[in-house]
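One structure is given below, encoded as structure tokens.
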Amino acid sequence: MDPKISEKAWNPELELQVLKKWEESNLYDFSLAEENYTIDTPPPYPSGRPWHIGAASHYSQIDMIARTARMAGKNVYFPIGIDRNGLPVELYTEKKHKIRMRDTERGKFLDLCRESLDDLEAEMIQIMKSLGISGGIKDHYRTDSEEYRALTQSTFIELWKKGQIYLATRPNNYDWVSGTTIADAEITYLDLPTKLVYMKFSVKDSDEKIIIASTRPELLCACKTIIVNEEDERYINLVGKKIVVPITNKEVEIKTHHSAQKEFGSGAVMVCSYGDQNDVALFRELKLEEVVAIGLDGRMTEAAGDYAGLKPKQARTKIIEDLKSNGFVEKIDEISHRTPVSERSKNPIEIIPMEEYYLKQMDSVEKMRDLGSEIVFHPEMHKQTLMNWLDSISIDWPISRRRYYGTEIPIWYCKSCSEPHVPEPGKYYRPWKEESPIKNCSKCGATDFVGEERTFDTWMDSSISPLFVTKYQKDEEFFKKTYPTAIRPQAKDIVRTWLYYTLLRCEYLTGKKPWSEAWIMGYGLDEKGMKMSKSKGNALDPIPVIERLGADTFRFWSASEVNQGYDFRCSEQKMDSTKKFLSKLWNVSRFLSSFPIIESGNPTATDKWILSELDKTITECKKGYEKYNFFIPAIAIREFTWNLFAANYIEMVKARAYGIGFSDEERDAAIFTLHKVLSTILKLLAPITPFITDHLWQTLYSDKSIHKERQAESESHEDLSQFTKEITEFNSKVWNEKKSKGLSLKDSISIDIPENLIEFKKDFESMHNLS
RNA sequence: GGGCUCAUAGUCCAGGUCGGUUAUGACGUCGCCCUUACACGGCGAAGAUCCGGGGUUCAAAUCCCCGUGGGCCCA
């Protein structure tokens, strides 16, 4: 009998043929039904080359969610988008063309950004395609399209009209190199070397001196109080006294506060407006009058006296000189200081009072907590990340940015009275270059307007992804049947941004939570467990890996390596060895393809045993698939296929399947069981490795795609798994015995079969040539 | 400083809720074997004080407490 499958190994190039078949038959096209299962797929951001291999793994797993849901009989809507707004592409473009955004004409700069985005996007789309992502790739959306931006703007206008947006001047995190405000969620910290200056302050009407250490002496002009810890005996007698600030000669009071650490510096801390977040909080708490020492241009203001006009770093050098020459310096330490920087540009942050638009969030924390607790998290532990974030929210969300590549804030201001006006929702507006659609000022009646130049925080765009994909405000029927969506898959690092902001915005706009489940994935680390980055040189490019090994190998690696919600290591060696399992599956199928398909059979004890183990595997897989945890089925299927089915069962029934020394009925039972097991394995694996399973399925079992099948269900066979251990141990015993006697595996040997296993006697005898 | 999380062979990982044989499997290593599905294979072997300390218990990888070390998040 010739096998239907002739090639000796699974060739990843076959994936292209399978892909073509899927495309030609529009296998994954979505059409609206009464009940739909909508996936709020994360639109990835093209920030540079190569695309992160962890992201490729992430999207593979999201695709497994879609396929699992389809095989559970759901009508799956799996849109694909690309997020194209924001700072990273601006930085990428500045670097690529060696230009600076503010020195470039706005329209020209936007064109260059768009060009960069197109290149990077093409690569990501190609990777998604070759990974077999079964979503809307060919009609993927973009967050910078007119349609998307129009929705961002009209949802803003909606919230504006509801009074959820306001303008306020507040201390804000300001990245003066990029020239923009950033939200708390976008700040990260770097340990940078800096000078800790110990300065002598004098106590008023006394000869006493007090030493105060600071890394920001240039902010002396903004110093409004000195704090010490209430348990610090060194200073307790000074509390309430006046202290003279060096250089400025202003007087401030010394107070106690628990945030002063006895161990840091001298234990006494000068509190300056906007030195850091803690200072801002203290100013609010102690109701101190603020001094603006640093301006929007990143330079010292008039308040800094002689230092006005200097950059903070220059001012620091100069003031240290002046302090020294006046005898105010006790000593200077070189220390490493945790400095707040912009997560994206890595520029140091200054806290500067600025006028920005805010979206109210403080009043809604409780509501968000309630909504959050209704959402099922996979795995549960990541719900805590959201809850922790909700606990730490202390100000409303600043949503305006002084950058170019983003959705424009749709506001025009009256030239004579400055009253802001929003246009009618539904269109895409670019106030920086368009005529005002408003003709008369509602306040003073004037007719001249000036457009807002700022753009939105990118999370304003991405936080409405579930509304955009469900055609909110565009197709009522579609929206009703797809929203709230079923599931939000995403990475764990953006819980406090994307997940939270989406919850907030969607609740404000629709009164409902955007999804019932959230599926959170960990980070892809390098093989040593370090974060991958281009600068460290440990980034792994997914394209050559996928080309060399094929998508299925990569996907199976992802499923079997990534425990749900935890960080995972990306080792090429591990990926390589995963390929062996697909070879095994291929060769098992190749062997079975030499036997006819038999629809039914009368299983013998051995057959019943493997069917019973198969049932256990189905149950195990189901446990994983229900939670969209692919680690569980991947491991279960590999164990079963390799260690029980191939190594033991197939060897036991090989002779029977060939009909050598067995009745036709016994032979057919073996062939029936072999196919039964293999076809079930293929279905169980289909969400994880869609290419090889579909290829084998269509070669052996059907002219329709396996991806139209329902997932296998356990058939409650009699449980014979108590024999498993004894069977495998008996087989091992015979192999060992032959080995130690120097016999070949086909040589005859005499070994007693244990009493318990007597039912399997005939298969054992033919397998081992027992005499 | 706070939170989350992890720690089991050279490497990765299962088991941990619900304590009880000889601690699961894979990769890698070594040895033997081309046995007609598969050398991208088969069989076998070596390899683990289950991070440290204490407690509960007849019994702890598992439960509790205190540490130590990593990763992430927030101040």
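Proteins get letters first, then strands, A, B, ... in listed order; numbering begins at 1 in each.
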Positions of residues 547-559 of chain A (non-hydrogen atom under 4.0 Å from RNA chain B), listed by number: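 RNA chain B contact set from residues 547-559 of chain A: none.
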
Is [X] touching bases, backbone alone, or none of the nucleic acid, heavy atoms closer than 4.0 Å?
X         : answer
Lys654(A) : base
Ser560(A) : nothing
Phe631(A) : sugar-phosphate
Lys584(A) : base
Glu737(A) : nothing
Asp576(A) : nothing
Trp642(A) : sugar-phosphate

Distance-only side-chain donor-acceptor flag, Tyr649(A) / Glu613(A), under 3.5 Å: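 Side chains of Tyr649(A) and Glu613(A): no pair found under 3.5 Å.
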
Donor-acceptor pair between Trp397(A) and Asp457(A) side chains, under 3.5 angstrom: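 Yes, side-chain donor-acceptor contact under 3.5 Å.
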
What's the gap between [N] and [M] when it is taken at their [atom1] atoms, as a whole Å value?
N       : M       : atom1 : answer
rU29(B) : rC65(B) : P     : 43 Å
rU68(B) : rC30(B) : P     : 41 Å
rA61(B) : rC51(B) : C1'   : 12 Å
rG71(B) : rU8(B)  : P     : 15 Å
rG16(B) : rC33(B) : P     : 42 Å

Just compare [options] and give me whichever is closest to any side-chain atom of [X].
X         : options                   : value
Trp735(A) : rC43(B), rG42(B), rA37(B) : rC43(B)
Ile650(A) : rA37(B), rG25(B), rC40(B) : rA37(B)
Asn736(A) : rG44(B), rG28(B), rA37(B) : rG44(B)

Base of rA26(B) paired with side chain of Glu561(A) (donor-acceptor, under 3.5 Å):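 Checked by distance alone, the answer is no.
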
Heavy-atom donor-acceptor pair, Ser577(A) side-chain to rC27(B) base, under 3.5 Å: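 No, no donor-acceptor pair under 3.5 Å.
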
Counting just side-chain N and O atoms, does [X] come under 4.0 Å of either OP1 or OP2 of [N]?
X         : N       : answer
Lys8(A)   : rU36(B) : no
Tyr649(A) : rA37(B) : no
Ser740(A) : rG44(B) : no

Student check: side-chain heavy atoms of Asn629(A) and His378(A) closer than 4.5 Å: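 Answer no - side chains too far apart.
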
Gly372(A) to Met387(A) - nearest heavy-atom pair and separation: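 Looking at all heavy atoms of both residues, the shortest contact is C-CE, 3.9 Å.
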
When the side chains of residues 582-589 of chain A are checked against the rest of the protein, which donor-acceptor pairs come out under 3.5 Å, sequence neighbours left out?
residue	atom	partner	partner atom	Å
Trp586(A)	NE1	Glu7(A)	O	2.8
Asn587(A)	OD1	Arg590(A)	NE	3.4
Asn587(A)	ND2	Lys8(A)	O	3.4
Asn587(A)	ND2	Ser583(A)	O	3.1
Ser589(A)	OG	Leu585(A)	O	2.8

Test your reading of the model: is there a side-chain donor-acceptor pair from [X] to the backbone of [Y], 3.5 Å cut-off?
X         : Y         : result
Asn731(A) : Thr728(A) : no
Asp719(A) : Ser612(A) : no
Thr502(A) : Trp498(A) : yes
His768(A) : Leu770(A) : no
Asp552(A) : Ile692(A) : yes

Where do N or O atoms of nucleotides 32-35 of chain B meet protein N or O atoms at under 3.5 Å, pair by pair?
residue	atom	partner	partner atom	Å
rC32(B)	O2	Lys739(A)	NZ	3.2

Whether over 12 other heavy atoms sit under 6.0 Å from Lys683(A) NZ: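 More than 12 heavy atoms, drawn from other residues, nucleotides or ligands, come within 6.0 Å of this atom.
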
Within 6.0 angstrom of Lys676(A) NZ, more than 12 heavy atoms from elsewhere: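 Result for NZ/Lys676(A): open.
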
Centroid separation Tyr658(A) to Phe662(A) less than 6.0 Å: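 Ring centroids of Tyr658(A) and Phe662(A) are no less than 6.0 Å from each other.
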
Between Phe760(A) and Phe730(A), ring centroids under 6.0 Å: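 For Phe760(A) and Phe730(A), the ring centres are not under 6.0 Å apart.
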
With Ile598(A) via side-chain contact (heavy atoms from CB on, under 4.5 Å) - residues at least two apart: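 Checked Ile598(A) against side-chain contact (heavy atoms from CB on, under 4.5 Å); matches are Asp668(A), Ile671(A), Phe672(A).
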
Considering only nitrogen or oxygen atoms on both sides, find all protein atoms under 3.5 Å from nucleotides 2-4 of chain B and state each distance.
residue	atom	partner	partner atom	Å
rG3(B)	O2'	Asn388(A)	ND2	2.9

RNA chain B: stems of at least 3 consecutive Watson-Crick or G-U pairs whose donor-acceptor distances fall under 3.5 Å: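 Stem segments, range with range: B:1-7 with B:68-74, B:10-12 with B:25-27, B:29-33 with B:41-45, B:51-55 with B:63-67.
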
